[in-house]
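Right, one structure below, let's go through it.
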There are 2 protein chains.
Amino acid sequence: MEQLVAAGTRFMREVNAVAILRRLRTETSMSVSALAKAVGLSRQAVARSLNALVDEGLVEFGSVDRDSTRAGRPAQLVRFRAEAGHVLGLSISPQDLRVAISDLAGTVTAADVTPLGGGASGAEVVETLLSTVRGALQEAGVRTGDLWFASVGTPGIVDPATGVIKLIPSMPGLTGDLLVRRLEESLGCPVYLDNDVKLATQGERWRGAERREDSLVMVHWGERVGAGIVLNGELYRGTSNDAGDVGFLDLFADAPGAAPATVSRHPHGLGPFEAVVGGAEIVRLATAAARRAGDDPLLARIDAAGERAFDAVLDAVTDGAPPALEAIDVVASRFAKGVAVLRAILNPRLVVIGGPLARCGETLLTAVRRHLADQLLDQPALEVSALRDDAVVHGALRHSLDEIERTRFDLGRNGFQEAR
Amino acid sequence: MEQLVAAGTRFMREVNAVAILRRLRTETSMSVSALAKAVGLSRQAVARSLNALVDEGLVEFGSVDRDSTRAGRPAQLVRFRAEAGHVLGLSISPQDLRVAISDLAGTVTAADVTPLGGGASGAEVVETLLSTVRGALQEAGVRTGDLWFASVGTPGIVDPATGVIKLIPSMPGLTGDLLVRRLEESLGCPVYLDNDVKLATQGERWRGAERREDSLVMVHWGERVGAGIVLNGELYRGTSNDAGDVGFLDLFADAPGAAPATVSRHPHGLGPFEAVVGGAEIVRLATAAARRAGDDPLLARIDAAGERAFDAVLDAVTDGAPPALEAIDVVASRFAKGVAVLRAILNPRLVVIGGPLARCGETLLTAVRRHLADQLLDQPALEVSALRDDAVVHGALRHSLDEIERTRFDLGRNGFQEAR
DNA sequence: ATAATTAGTTACATACAGTACATAATTATT
DNA sequence: AATAATTATGTACTGTATGTAACTAATTAT
């Protein structure tokens, strides 16, 4: 366990500078006196720290406060220079590449999406991403040198510690450390790699529900199903970075007609839960229902979509096609069992549904809620992702900002030591 | 988020004193120089802090180090005065009252168990507990005034924040704040109340596996089933202090012959999972198996035990009676599904089985492990509680020590302020 | 115009830690 | 047994931080 030690009076400066920055970053601008009062230090101490921060470029003395109605000499306003640095949030999916740039306050200054063709190689994807980044940098007027950190989310199994993509079935060309290596080389700042669902969870917590829940589960629901878990305010990863792998819940093995649980083996194939609520099953259910109902137009739509049959069914849901709605209701009832299990174990305040199924919105929510109604325990609030496909990018931004927070705006850089 | 601000140089003193104490508490005794080197401060600074700590009574200068083989002037040894204060761990169950006293280093100096008769009123239970405590105090040679903190665990639903027992079906007389009020009044120190399973989890993590796992789930398995969850090194409670309520997992609703899930309502009745793996079901299964096998002696034993039929069956398991083993195997297979669900969601490193079923030891473990073998994901290590019925007391001790740590041996008592 | 009020500046006292050097008490060496 | 080497301790002094206080500056209220 690291143990902080104050080896010199610089330590105090550090602590106080951090406190001042923290306070300042939540306001647009403040007077020195107000800051001193808020932070609990003398005006002089605050002024000294501020001067140091000005030299670092993190803080700026603005104009005199003319708006004040109070008596007395008007205050000099200080402002956090959010533009002192920028961070990048990146998202890679088989469909598209997404880029967002924000300043240190988290204000997005540029964002871009590049659709992805089918047969791009790994190197091509990385170069396309880099050119998208360059475009966004130009748009935001940010030089590469002003980038402090970048985070990138991809599907599949990744190792955040080493930046290696271990398995990414939908984009096998990206396997390995190519992505991170090329990005770091090209951007000249640290690059963090994480699983897209994990990042999306942080994005949802940050920008989605607009209330930073202390405990939420974000379930990505598409062809596959996976969840990100935030507990006590931070992402929980589990022993083998595998927590929230709800696609492998085995809740229906005893149900009549269920597929045996051993059809496939992790991580290549589908888990038992995603097999009964995932995209393939939804298509199957919708097709069967359409056939029963004699809904030939819908059958034709699904058939015409080919590879994109799943999308076609989701479209049909938003259009209100009865067979599609029927399919959704069936998977909703199964999904509800999954939520109930999450509830019993984690007791989260909120469960957010993200991924392709989020498109079904209220239709889906009411169906799941209805099937949850007969549960014994009180159930968590249920919502659909507000960020949709941007959740990953926002989560990546958030991670970048957290990293900056940890390494630059928190204790532990100078004046401190860790005990051995 | 609380933000600490230094209000002067006292702050440094505080930080350093904490660092020194932390280091010192892990050793039996150290020289000042060695301490300085370990903690990363100058000898002078350490000596100054130590003098202050001596005045507080937390540290003691011992004799000169005669054992050292090294050249040079022998060092003055410093020692953490673990006997400067004591904490209490208490456990209440329908069967017995348990008390343990430890010093600040966690060394138990006295422990006592008082069996409980059947029909004691709430007030009687509390007074019996108090007299057990007084006996233990005497045994340890500790005066009431030297008690710094006490923690008590009870079954049922409790509110740790207010110290109120909300529901305790097995000992209804204790409902309310009687217990905590009387204890605080009588012991003259803060008293913390928590659910026994939650405390047992902390006890197991502390003293049980003898390795402080960062993530473990301790499942109490008896008439009812509940779990305590430790993630990232701390107990996770969930939004309504209800996390780990695995008794309410509903995994077998679709199974042929399963009881409908709506028989009972939380928290009075059994949940679906405990209904199929709990004590009552085990007795039912064992009885049925004994009848099938014509094992009349076992039937007689179970019958003679009356209220204690569950105990009788568990005895039969340790004796190796086939019908009892058969029953255990059936519930083990069901329990395995619960473990698999915990694994998929939490991905813990270790699952510990506590409560009455722990008596079945390896028999139970091998059965559960066998039924886990066909799961798709790698499963967590599985163990039986090493502390058994003392897990709660040890967890209570641990909580008391943690509380002392937080309030006395950590930053935040003097010299600090929180920003507004 | 003057008083009151608030902000900013400068000077000084205080507290803490670090460095440097002298001193004390051992073991190792001759 | 005397001396050197080694390690621990003690004292003096320096550097850097904060706080308090007194003074100056720029406004509003009277």
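In this text, all values refer to a predicted model and were calculated from it rather than measured experimentally. We name chains A, B, ... by the order of the sequence lines, and we start the count at 1 in each one. Note that these values count all heavy atoms, side chains included, but never hydrogens, waters or copies made by symmetry.
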Would you mind checking if [Y] and [X] are paired as a salt bridge, meaning a charged N to carboxylate O distance below 4.0 Å?
| X | Y | value |
| --- | --- | --- |
| B:R398 | B:D402 | yes |
| B:R408 | B:E56 | no |
| A:E27 | A:R23 | yes |

Once you round it to whole Å, what is the distance between [atom2] of [N] and [atom1] of [X]?
| X | N | atom1 | atom2 | result |
| --- | --- | --- | --- | --- |
| B:L50 | C:dA17 | CG | P | 11 Å |
| A:R73 | D:dA26 | CZ | C1' | 6 Å |
| A:E14 | D:dT16 | CD | P | 16 Å |

5' priority, DNA chain C, between A:G72 and A:V32 [closest heavy atom]: A:G72

Nucleotide of [options] approaching [X] most closely (side-chain heavy atoms):
| X | options | result |
| --- | --- | --- |
| B:A71 | C:dT27, D:dT9, C:dG8 | C:dT27 |
| B:A75 | C:dC16, D:dT27, D:dA8 | D:dA8 |
| B:L41 | C:dA7, D:dT9, C:dG18 | C:dG18 |
| A:R13 | C:dG18, D:dA17, C:dA17 | D:dA17 |

Straight-line distance of B:L235 CG to B:I229 CD1, nearest 0.5 Å: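 Separation between the atoms: 8.5 Å.
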
Answer yes or no: does a side-chain N or O of [X] lie under 4.0 Å from OP1 or OP2 of [N]?
| X | N | answer |
| --- | --- | --- |
| A:R48 | D:dT18 | yes |
| A:N16 | D:dT18 | yes |
| B:S42 | C:dT19 | no |
| B:T9 | C:dA15 | no |

Paired nucleotide for D:dT30 [Watson-Crick or G-U wobble; both distances under 3.5 Å]: C:dA1

Any donor-acceptor N/O pair under 3.5 Å between D:dG10 base and B:R43 side chain: yes

Base of D:dT11 paired with side chain of B:Q44 (donor-acceptor, under 3.5 Å): yes

By side chain to side chain contact (heavy atoms under 4.5 Å, CB included) - contacts of B:T107 (at least two apart): B:D103, B:A105

